[in-house]
Amino acid sequence: MDVKTVCLGMLTDGPASGYDLKKQFESSFAHFFAAGYGSIYPALSSLADQGLVECEEIPQEGKPDRKVYRITDEGRAFLQEALQNPCPCHKLRSEFLATMCFAHLMRPDDIEAVLDHRLEEIARYQVMFAQLESERMDDWSAGMKFVLGFGKAMANAMQTYINDNRHVLEDDQPVRAANA
């Protein structure tokens with residue numbers, strides 16, 4: 001699923017600006033689908049060109065007009081068709097894991113720093129998940145609740161794995177010294 005399709009899905013909750021969608025990517029979607037302004041605004045422009053969303057420009061004093069997007073009937077049909085895919089791809093791109101592949105080339109202090117930073121990131125996600133649960137879940141769909149639970153389970157599993165297995169990298173010290 002691409003950014004355009006995710007934006008269409010978000011717009012089923014109601015009209016939104018690119019800024020509003022970016023905030024949703026940074027909160028509800030942050031743990032599994034990243035998108036920045038550089039991909040959101042071109043996606044919205046393309047969706048408007050295709051007639052899948054309508055754009056209303058709202059004048060603002062001293063600022064550029066605010067563009068608010070609303071999904072069209074054609075956009076809903078397009079989204080429904082996209083959701084018919086029984087095999088959506090589950091991609092994982094992790095700079096952390098790529099770095100750990102080359103841990104044998106790193107100094108022990110650098111490895112520890114990378115692991116500790118990753119644990120700090122996971123802790124921030126866990127705080128975000130707790131905030132989402134306490135503030136907003138009452139009106140969430142079952143699918144969004146499922147995704148939040150999945151994110152929590154993944155974060156907990158990553159945290160447990162790193163804590164239980166960081167010794168594997170420490171045990172690699174003699175190999176690292178021999179390769180140096």
Side-chain angles (χ1 to χ4, degrees), residues 1-11 16 18-47 79 82-137 140-180:
M1 186 172 287
D2 61 8
V3 173
K4 291 190 309 187
T5 308
V6 174
C7 286
L8 281 176
M10 289 178 177
L11 290 171
Y19 176 82
D20 298 329
L21 296 178
K22 173 73 165 111
K23 290 297 173 198
Q24 195 165 357
F25 274 108
E26 289 174 347
S27 61
S28 308
F29 283 66
H31 65 286
F32 66 95
F33 201 106
Y37 291 122
S39 57
I40 295 170
Y41 285 113
L44 290 170
S45 178
S46 175
L47 291 168
L79 178 61
L83 294 173
Q84 297 300 311
N85 179 4
C87 304
C89 183
H90 180 77
K91 294 180 184 178
L92 175 64
R93 178 191 162 116
S94 172
E95 292 178 20
F96 166 72
L97 293 177
T99 300
M100 290 298 93
C101 283
F102 303 105
H104 65 283
L105 302 173
M106 298 169 65
R107 296 181 322 190
D109 290 350
D110 292 335
I111 294 170
E112 290 299 314
V114 170
L115 293 173
D116 291 342
H117 182 265
R118 184 66 192 132
L119 289 170
E120 290 167 8
E121 285 182 322
I122 292 167
R124 283 192 293 274
Y125 275 117
Q126 290 168 326
V127 168
M128 181 189 72
F129 296 147
Q131 288 173 334
L132 289 170
E133 281 183 314
S134 68
E135 296 172 5
R136 301 176 37 185
M137 283 191 62
W140 278 23
S141 68
M144 287 300 290
K145 290 176 183 176
F146 176 88
V147 169
L148 177 63
F150 190 91
K152 285 174 52 179
M154 292 296 295
N156 292 337
M158 284 187 282
Q159 180 184 47
T160 299
Y161 185 84
I162 292 169
N163 286 329
D164 290 352
N165 292 283
R166 65 190 308 156
H167 71 277
V168 171
L169 298 169
E170 294 165 1
D171 294 346
D172 193 36
Q173 186 64 36
V175 174
R176 191 178 307 120
N179 288 337

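The residues of the chain are indexed from 1 along the displayed sequence. Computed from a prediction, not measured in an experiment: that's the story for all the values here.
No donor-acceptor pair under 3.5 Å is formed between the side chain of Thr160 and the backbone N or O of Ala157. Counting only distance, with no hydrogens or angles, the side chain of Ser45 and the backbone of Tyr41 share no donor-acceptor pair below 3.5 Å. No side-chain donor-acceptor contact under 3.5 Å links Ser46 to the backbone of Pro42.
Residue Ile122 holds its CD1 atom at 11.0 Å from NE2 of His117, rounded to the nearest 0.5 Å. From Lys4, atom NZ reaches atom OG of Ser39 across 12.0 Å, with rounding to the nearest 0.5 Å. Of the inter-residue distances, the one linking Phe32 atom CZ with Leu148 atom CG reads 9.5 Å to the nearest 0.5 angstrom. With rounding to the nearest 0.5 Å, the separation of OG in Ser94 from CE in Met158 is 8.5 Å. The CZ atom of Phe129 sits 8.5 Å away from the CG atom of Asn156 when rounded to the nearest 0.5 Å. The CD1 atom of Ile111 lies 5.5 Å from the CG atom of Leu169; values are rounded to the nearest 0.5 Å.
Contact check for Thr5 versus Leu83: no side-chain heavy atoms found under the 4.5 Å cut-off. Side-chain contact between Arg166 and Asp116 is present, with at least one heavy-atom pair separated by less than 4.5 Å. Residues Val114 and Met106 are in side-chain contact: their nearest non-hydrogen atoms beyond the backbone lie under 4.5 Å apart. Within the 4.5 Å cutoff, the side chain of Val147 has no heavy atoms near those of the Phe33 side chain. Within the 4.5 Å cutoff, the side chain of Met100 has heavy atoms near those of the Leu115 side chain. Residues Tyr19 and Ile40 are not in side-chain contact: their nearest non-hydrogen atoms beyond the backbone lie 4.5 Å or more apart. The side-chain heavy atoms of Phe25 and Met10, taken from C-beta on, include a pair separated by under 4.5 Å.
Aromatic ring pairs are classed by plane angle as parallel below 30°, tilted from 30° to 60° and perpendicular above 60°; the pair Phe102 and His104 is tilted. Ring pair Phe150/His90 is perpendicular by interplanar angle, where above 60° counts as perpendicular and below 30° as parallel.
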Legend entry - Stepwise side-chain contact (heavy atoms from CB on, under 4.5 Å) check, Cys7 with Val3: CA-CA 6 Å; Cys7 286; Val3 173; 4.0 Å; yes

Inset, instruction - Take Leu21 and Val6 through the test side-chain contact (heavy atoms from CB on, under 4.5 Å) and record every step on the way to the result. - result: CA-CA 10 Å; Leu21 296 178; Val6 174; over 6 Å; no

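Annotation: Lys152, atom NZ; neighbour count of heavy atoms from other residues, nucleotides and ligands within 6.0 Å does not exceed 12. Surrounding CZ of Phe96 are more than 12 heavy atoms belonging to other residues, nucleotides or ligands, all under 6.0 Å away.
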